[in-house]
> 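The following block contains the structure, expressed as structure tokens.
No hydrogens, no waters, no symmetry mates; every other heavy atom, side chains included, goes into these values. Atoms within each ligand, like the ligands themselves, are counted from 1 in listed order. Keep in mind that this is a model prediction, so the values were computed, not measured. We number each residue from 1, following the sequence as shown.
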Amino acid sequence: MSGPLGWVRDHMPVLGALAEEYRDTQPFAGHTVAVNSHLEAKTGRLIEVIAAAGADVLVTGSEPYSTQAAVVAALEEHERITLFVEAGMDEKAWASGQHELLAASPDLIIDDGCELIAKVHADHPGVASGVIGAAEQTTAGITRLEAMESDGILQFPVFGVNDTPMKHHFDNVHGTGESSLANLMITTNMMLSGATVVVAGYGFCGRGIARKARGLGAQTIVTEVDPRKALAAYMDGHRVMSLEEAAPKAEYVITATGNRDVVRAEHAEAMADGAILANAGHFDVEIDVDALETAAIRVTTPREGVRQYEMADGRRINLLAAGRLVNLTGPVSQGHPAEVMDTTFAMMAVAIEAFTRDSSDLSPGLHPIPDRLDKAVAELKLDTLDVSIDSLTHRQEAYLHEWNHADMHF
Ligand code: NAI
């Protein structure tokens, strides 16, 4: 398979190293792996690696509008891969595709946003009982899994890949930071330097967006609901205030909260003419688009990927990518850089591979990934970057495990 996957293959060396290992060991032989992820080139690479490792792979997209036709076409050529998604599907067709996929009884699930895990529990209980394990990639999915866990309904073990350092310190911070701003700048053809950028949410994603926006010369304002995150933003040098206070100052507002109705009618009401809204959170509920539709006297598309709401007082508020993930669903969106998806997808692969070996007896529920797997992917990444690090001496190792330093006379 070449085409759209060729370029990313060259830029995902960690996944490449795993592919070589898996080609020999065939860890997924006899398994049916469901993959629910944004169906762009990096995901295509993960899917071909899993298929070459012996699996039958069933594929759907984690967002109806992030599927890329060229990637679908490339994957369709593979006899072990079955697709239940196509580019340009509406939400109804997308959801039906996910149910059809589940009816094909996968026993391992790679999920993004907890779509398949939630649906298999709600609507396919017979299939759920045959699943040996799953891995969840994003914060929004972990939030849903925690709700399922507290309701005591999870029927199989799930590794929370999002919560590993190798995922959220890199993918959420750097991947979301770079790809959201890159897409915002290309979609609008406008400059961030000197502009006032308001970032709602100072979690891993918001931190990356705010830091990189400032790196480009923007004046950054952060809004938060958690006092510790607000303080962290303040100490990192961003201005911190309520969204009500920030809205009139904003040239750009970027949401990354994992929450709903963050930008509401009253905020849009206070924004200046030309303000630009974009969402980087997983679901399209962070900006209240219905409120914009209701308040506007006219809605136009001045540029591909930009919806403009003209208010009764003449102000125009611009919304990118219809309030969906700006880095994945806009007209120029490509998702995160390949180098960072290299480690995220390596984590997803090693997580589900663990269910075929030593994690096969884990109890149902949400589990952290074993630290050794996280470290192993970090080591592989450093190798590919040709970066070497120090290792602990025996004395250092012992020192770190000793509480009574006075007794350490060796
Ligand atoms: P996080 O939990 O680290 O951060 C979210 C932050 O938003 C928290 O600090 C929380 O206090 C804050 N928050 C919640 N409600 C708020 C409100 N009303 N106003 C202001 N702040 C509020 O989560 P993380 O990892 O930063 O993820 C955020 C979202 O981005 C999730 O939906 C996640 O799934 C998604 N995501 C998107 C990616 C992309 O490619 N665009 C990649 C990775 C994650």
> Suppose we measure from atom 28 (C) of ligand 1 to each protein heavy atom; which comes out shortest, and what is that distance?
Ala256 O, 3.7 Å
> Suppose I only count heavy atoms of Phe204 and a 4.0 Å limit; which atoms of ligand 1 are within that range?
3 (O), 25 (O), 26 (O)
> Among all protein non-hydrogen atoms, which one is nearest to atom 17 (C) of ligand 1, and what is the separation to 0.1 Å?
Val225 CG1, 3.5 Å
> I'd like to know whether CD of Glu149 has more than 12 heavy-atom contacts from other residues, nucleotides or ligands below 6.0 angstrom.
yes
> For atom 26 (O) of ligand 1, find the nearest protein heavy atom and state the residue, atom name and distance (0.1 Å precision).
Cys205 N, 2.8 Å
> Does Lys381 pair with Glu339 as a salt bridge, N-O distance under 4.0 Å?
no
> Just jot down the ligand 1 atoms closer than 4.0 angstrom to any heavy atom of Asp226, in number order.
11 (O)
> Is His124 reaching over with its side chain to a backbone N or O of Lys119, donor-acceptor style, under 3.5 angstrom?
no
> With a 6.0 Å cut-off on ring centres, are His238 and Tyr202 close enough?
yes
> What do you reckon, does His168 put a non-hydrogen atom under 4.0 Å from ligand 1?
no
> So, are Glu136 and Arg144 salt-bridged, with charged N and O less than 4.0 Å apart?
no
> Atom 4 (O) of ligand 1: which of Gly203, Gly281, Gly201 has the nearest heavy atom?
Gly203
> Specify side chain, backbone, both or neither for Thr176, according to which of its non-hydrogen atoms lie closer than 4.0 Å to ligand 1.
side chain
> If we only consider heavy atoms of His336, is any one of them less than 4.0 Å away from an atom in ligand 1?
yes
> Can you find a heavy atom in the side chain of Met311 that is under 4.5 Å from one in the side chain of Leu292?
yes
> Looking at Leu325, which atoms of ligand 1 are within less than 4.0 Å of one of its heavy atoms?
39 (C), 41 (N)
> Are any of the N or O atoms of Glu286 closer than 3.5 Å to those of ligand 1?
no
> Can you pull out the closest protein heavy atom to atom 15 (N) of ligand 1? Residue, atom name and distance to 0.1 Å, please.
Asn259 ND2, 3.2 Å
> Kindly assign one of parallel, tilted or perpendicular to the pair Phe170 and His174, based on the angle between their ring planes and the thresholds 30° and 60°.
parallel
> Does a side-chain heavy-atom distance below 4.5 Å link Val72 with Glu76?
yes
> Please confirm whether the backbone N or O of Asp284 pairs with a side-chain atom of Asn279, one donor and one acceptor, at under 3.5 Å?
no
> Taking 4.0 Å as the limit for heavy-atom contacts, which would you say applies to Leu328 with ligand 1: side chain only, backbone only, both, or neither?
side chain
> Please report which non-hydrogen protein atom sits nearest to atom 25 (O) of ligand 1, along with the residue it belongs to and the distance in Å to one decimal place.
Thr139 OG1, 2.6 Å
> Quick one: do Arg228 and Asp226 make a salt bridge, cutoff under 4.0 Å?
yes
> If we set the cut-off at 4.0 Å for heavy atoms, which region of Asn327 has an atom near ligand 1: side chain, backbone, both, or neither?
side chain
> Just one of Asp112, Thr344, Asn172 clears the side chain to side chain donor-acceptor pair (under 3.5 Å) bar with Asn162, so which one?
Asn172
> For atom 32 (O) of ligand 1, find the nearest protein heavy atom and state the residue, atom name and distance (0.1 Å precision).
His282 N, 3.0 Å
> What's the shortest distance from atom 41 (N) of ligand 1 to any protein heavy atom, and which residue and atom give it?
Ala280 O, 2.8 Å
> At under 4.0 Å between heavy atoms, which part of Ala140 makes contact with ligand 1: side chain, backbone, both or neither?
both
> May I ask you to identify the nearest protein heavy atom to atom 9 (O) of ligand 1, giving residue, atom name and distance to one decimal place in Å?
Glu224 OE2, 2.5 Å
> Mind checking whether Ala200 has an N or O less than 3.5 Å away from an N or O of ligand 1?
no
> Does Asn318 reach the main-chain N or O of Gln308 with its side chain, forming a donor-acceptor pair under 3.5 Å?
no
